[in-house]
Amino acid sequence: MPELPEVETTKEGIKSHLEGQTIKGVTVRNPKLRIPVPDNLDQLCAGKKIITVFRRAKYILIHLTKGYLVIHLGMSGHLRIVTAKSEPEKHDHILLMLTNGVILRFCDPRRFGLFLYIDENPYQHQLLAHLGPEPLSNEFNGHYLRQKARNKNKPIKSLIMDNEIVVGVGNIYATESLFLANIHPTTPAKILSESMCHVLATQIKEVLKQAILCGGTTLRDFYAFDGKPGYFSMSLKVYGRKNQPCLLCQHPIESLIIAGRNSFFCPKCQN
DNA sequence: CTCAGATCCTGTGCGC
DNA sequence: TGCGCACAGGATCTGA
């Protein structure tokens with residue numbers, strides 16, 4: 001489900017409900033996630049205060065008076081702010097209860113997500129230590145992308161979805177930004193000129209910014225902290241539009257599997 | 001090292 | 001209406 005805009009929307013939504021509050025306790029209803037939830041999570045969290053809530057890549061980080069919670073939504077996860085009387089449902093695996101009666105609920109049907117506690121600086125943790133730059137930072141630009149692409153033979157779509165190159169660009173936004181940049185998704189990364197890399201980096205930033213403004217993309221199961229969908233799906237230009245006319249030239253949109261992921265493109269506009 | 005493919009898991013949506 | 005199959009927004013591991 002979530003790419004960077006959805007995670008950003010979630011983080012922004014829960015932030016004000018959590019910061020400054022104290023954790024009463026944690027209920028783990030199902031610890032079986034991509035990495036098992038620590039079985040002493042309740043002891044690790046109870047009584048601690050939440051200092052800040054922030055995001056790095058697709059991870060949501062909760063800085064406690066001591067230690068951090070590291071949350072990843074995987075493919076199908078979402079977080080929701082609810083009140084104590086709200087009954088948890090089947091896939092609500094973790095309930096983080098605050099002393100003021102508010103509960104943060106972690107729901108993840110496919111269980112590809114994560115909910116961990118770490119003591120150390122999260123940026124040094126195994127999961128985050130090797131991540132590339134944030135796509136909306138100045139560090140990520142055409143020159144940087146060209147340097148990373150120049151010796152890579154793999155499709156440009158796979159390159160921009162590689163978290164060590166740039167974080168947060170998943171299948172939808174990789175597909176959309178390549179369309180906006182007029183670059184065919186299977187183009188070997190190394191043949192892209194610096195100016196094409198500049199256009200691509202610019203379009204990645206644009207499409208992510210627009211999606212964040214819309215509250216993310218809801219295709220099927222993404223809902224924000226308050227249960228509302230994201231509206232960027234209205235703005236998708238190629239994703240999911242196989243056989244429909246290209247919005248620029250009317251040629252039917254085609255699809256291809258690239259590195260196991262469905263990819264949509266206009267063969268005329270993206271040559 | 002580089003890249004493609006399989007894999008973890010459940011729900012949904014489609015075709016028969 | 002019911003059933004089975006293909007597919008889904010991610011990330012990591014394996015092996016060619």
Side-chain angles (χ1 to χ4, degrees), chain A residues 1-11 29-37 55-60 70-79 89-94 106-116 125-132 135 148-178 185-191 204 207-208 211-212 214-224 229-236 238-243 255-264:
Chain A
M1 166 251 302
E3 300 185 35
L4 188 138
E6 294 74 44
V7 179
E8 178 67 19
T9 297
T10 298
K11 182 266 290 176
R29 303 176 73 236
N30 184 350
K32 283 182 276 187
L33 299 179
R34 180 156 64 87
I35 298 174
V37 180
R55 178 188 65 73
R56 167 72 175 115
K58 291 172 190 161
Y59 294 93
I60 291 174
V70 180
I71 303 172
H72 194 292
L73 302 175
M75 288 273 252
S76 60
H78 65 80
L79 292 169
E89 290 171 29
K90 189 173 176 186
H91 299 295
D92 292 335
H93 306 315
I94 299 169
F106 174 86
C107 175
D108 184 9
R110 289 175 75 180
R111 291 190 274 114
F112 289 170
L114 290 177
F115 202 115
L116 297 175
H125 190 275
Q126 172 80 8
L127 288 168
L128 289 95
H130 305 291
L131 296 173
K148 293 293 181 184
R150 61 185 308 162
N151 56 354
K152 302 281 199 313
N153 204 30
K154 66 165 148 179
I156 185 60
K157 176 164 183 268
S158 302
L159 188 83
I160 60 175
M161 289 178 68
D162 181 343
N163 282 332
E164 296 198 17
I165 305 296
V166 58
V167 301
V169 183
N171 201 31
I172 294 178
Y173 300 114
T175 298
E176 290 294 310
S177 55
L178 286 163
T186 60
T187 308
K190 65 179 175 192
I191 74 168
I204 288 171
V207 78
L208 292 175
I212 290 168
C214 294
T217 300
T218 296
L219 290 185
R220 184 165 289 125
D221 52 5
F222 172 71
Y223 295 96
Y231 293 101
F232 193 71
S233 43
M234 321 283 292
S235 308
L236 296 175
V238 274
Y239 188 89
R241 298 193 64 246
K242 184 176 185 178
N243 295 332
S255 76
L256 254 181
I257 305 295
I258 301 171
R261 313 306 295 273
N262 209 353
S263 309
F264 302 87

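Numbered from 1 within each chain, the chains take letters A, B, ... in sequence-line order.
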Q | Whether A:Phe106 and A:His93 hold their rings parallel, tilted or perpendicular, with breakpoints at 30° and 60° | A |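 Geometry flag for A:His93 against A:Phe106: tilted rings.
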Q: Tell me the partner of B:dC9, counting only Watson-Crick (N1-N3 plus N6-O4 or O6-N4) or G-U wobble (N1-O2 and O6-N3) with both under 3.5 Å; none if nothing fits.
A: none
Q) Within the modelled atom types, does a donor on one side and an acceptor on the other bring the side chain of A:Arg110 and the base of B:dC9 under 3.5 Å apart? A)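 Flag set: donor-acceptor pair detected.
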Q. Could one point to a donor on the side chain of A:Arg34 or the base of C:dA11 with an acceptor on the other under 3.5 Å away?
A.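 In this structure, the two groups form no donor-acceptor pair.
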Q. Looking only at heavy atoms, what is the nearest atom pair of A:Arg29 and A:Glu89, with distance?
A.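 Nearest pair, atom of A:Arg29 first, then A:Glu89: NH1-O, 2.9 Å.
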Q: Measure across A:Thr10 and A:Ile60 and return the closest heavy-atom pair with its distance rounded to 0.1 Å.
A: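 Residues A:Thr10 and A:Ile60, closest heavy atoms: CG2-CD1, 3.8 Å.
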Quick one: is [N] close enough that its OP1 or OP2 comes under 4.0 Å of any side-chain N or O from [X]?
X: A:Asn163; N: C:dA11; value: yes
X: A:Lys58; N: C:dA11; value: yes
X: A:His72; N: C:dG10; value: no
X: A:His91; N: B:dG11; value: yes
X: A:Lys90; N: B:dG11; value: yes

[options]: which one has an atom nearest the side-chain heavy atoms of [X]?
X: A:Tyr59; options: C:dT12, C:dG10, C:dA8; result: C:dT12
X: A:Arg261; options: B:dG11, C:dA8, C:dG10; result: C:dG10
X: A:Lys152; options: B:dC3, C:dA11, C:dG9; result: B:dC3
X: A:Asn171; options: B:dA4, C:dG9, B:dG11; result: C:dG9
X: A:Thr217; options: B:dG11, C:dG9, B:dC3; result: C:dG9

Q: Determine whether more than 12 heavy atoms belonging to other residues, nucleotides or ligands lie under 6.0 Å from atom NZ of A:Lys11.
A: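 Yes.
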Using a heavy-atom cut-off of 4.0 Å across all strands, would you classify [X] as base, sugar-phosphate, or nothing?
X: A:Ser233; answer: nothing
X: A:Gly170; answer: sugar-phosphate
X: A:Asn262; answer: sugar-phosphate
X: A:Phe232; answer: nothing
X: A:Pro155; answer: sugar-phosphate

[X] [atom1] to [N] [atom2], straight-line distance once rounded to whole Å:
X: A:Ile165; N: C:dG10; atom1: CD1; atom2: P; answer: 17 Å
X: A:His130; N: C:dA11; atom1: NE2; atom2: C1'; answer: 14 Å
X: A:Glu6; N: C:dA8; atom1: CD; atom2: P; answer: 16 Å
X: A:Leu114; N: C:dA11; atom1: CG; atom2: P; answer: 10 Å
X: A:Glu89; N: B:dG11; atom1: CD; atom2: C1'; answer: 14 Å
X: A:Leu208; N: C:dG9; atom1: CG; atom2: P; answer: 16 Å
X: A:Met161; N: C:dG10; atom1: CE; atom2: P; answer: 5 Å
X: A:His78; N: C:dG10; atom1: NE2; atom2: C1'; answer: 17 Å

**Q.** Backbone of A:Asn262 reached by a side-chain donor or acceptor of A:Asn171 within 3.5 Å
**A.** yes
Q. Can A:Phe112 be called stacked on C:dG10 when the rule is centres closer than 5.5 Å and an angle between planes below 30°?
A.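 Yes, A:Phe112 stacks on the base of C:dG10.
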Q. Using the P atom in both, what is the distance from C:dA6 to B:dA6, to the nearest Å?
A.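 It works out to 13 Å between them.
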Q.
I'd like the C1' distance from B:dT12 over to C:dA11, given in whole Å.
A.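 One C1' to the other, the span is 23 Å.
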Q | A:Lys157 vs A:Leu178 side-chain heavy atoms within contact, under 4.5 Å | A |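 Side-chain contact under 4.5 Å: yes.
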Q. Going by heavy atoms in the side chains, are A:Glu3 and A:Leu208 under 4.5 Å from each other?
A. no
